[in-house]
Amino acid sequence: MTAVQASARPLVQARVGGAGWDFNAAHTGLHDGVFEPLHGHTYHVVLAAWGLPDASGMVADFRVLKQQLREAIAPLKRRTLIAADTPGVLVEETGGGQMRVTGGGACFSLPRSWTALLPITGTSTEALACYLVAELARRLGAACPAVERLELMLTESAECSATAEAVLR
Ligand SMILES: Nc1nc2c(c(=O)[nH]1)N=C([C@H](O)[C@H](O)COP(=O)(O)OP(=O)(O)OP(=O)(O)O)CN2
């Protein structure tokens, strides 16, 4: 074995989520400036944390990763996902606890409590994966010092998914 091989410390991926981590949410995507009809998905989420294992042999404690992933997806569960910053679309809270979305050839109103209003420009699977990985980077950056990179894979159907990456250090 060469000196290089003997001292190599491989980057390791710790992964949580997958089976049992599905959540339901509704959304509408803007395609060529037009909203498609509101519809739902059963999203499936996997979080991977890459890093050099610490002295205890862990990249990050699975319990911490699971807790933070659980908390990040909790506000999205069984909600209609609304992108607050969609160009050309007005999102406003109206009286009586209602939320109104106007633009993209549509106008719809929902109880505010049925929605998750997100600081993003659209609710594509890619945009949602980016939102979640940024949220997790914010939560895990200090708590998991061995983690160098996070990957969040969000699946909306058997054939469609998106993976977003955040570099922590
Ligand atoms: N790159 C992306 N493309 C599309 C997204 C997306 O999030 N990222 N989203 C949609 C639609 O919003 C919808 O969620 C999926 O559309 P589609 O694959 O057509 O789904 P259907 O189940 O309606 O279609 P089938 O024909 O039954 O497969 C579109 N594109």
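Atoms within each ligand, like the ligands themselves, are counted from 1 in listed order. Since the model is a prediction, treat every value here as computed from it, not as a measurement.
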To the nearest 0.5 Å, what is the distance between [atom1] ([X]) and [atom2] ([Y])?
X	Y	atom1	atom2	value
Arg138	Leu168	CZ	CG	12.5 Å
Arg112	Glu93	CZ	CD	5.0 Å
Gln98	Phe108	CD	CZ	12.0 Å
Leu47	Ile73	CG	CD1	10.5 Å

| Within-4.5 Å side-chain heavy-atom neighbours: Val91 and Thr86 | no
| query | Would you call Leu128 and Leu118 a side-chain contact if the rule is heavy atoms closer than 4.5 Å? | reply | yes
Give me the nearest non-hydrogen protein atom to [atom] as residue plus atom name, then the distance to 0.1 Å.
atom	value
atom 1 (N) of ligand 1	Glu126 OE2, 2.7 Å
atom 16 (O) of ligand 1	Glu156 OE2, 4.5 Å
atom 12 (O) of ligand 1	Glu36 OE2, 2.4 Å
atom 25 (P) of ligand 1	Glu159 OE2, 5.0 Å

Distance-only, no hydrogens or angles: does the [X] side chain make a donor-acceptor pair with backbone N or O of [Y] under 3.5 Å?
X	Y	value
Arg79	Ala25	no
Arg70	Trp21	no
Thr123	Gly29	no

For [atom], is the nearest protein heavy atom under 4.0 Å away?
atom	value
atom 14 (O) of ligand 1	yes
atom 7 (O) of ligand 1	yes
atom 21 (P) of ligand 1	no
atom 29 (C) of ligand 1	yes

| query | Looking only at non-hydrogen atoms, which of His27, His31, His39 approaches atom 4 (C) of ligand 1 most closely? | reply | His31
| Nearest candidate to atom 18 (O) of ligand 1, where distance is taken over non-hydrogen atoms, out of Ser157, Gly40, Gly29, Cys160 | Cys160
| remark: Taking only non-hydrogen atoms of Thr125 and a 4.0 Å limit, the atoms of ligand 1 in range are 6 (C), 7 (O)
| query | Which atoms of ligand 1 are found less than 4.0 Å from any heavy atom of His41? | reply | 14 (O)
| message | Between ligand 1 and Ser124, is the shortest N or O to N or O distance under 3.5 Å? | response | no
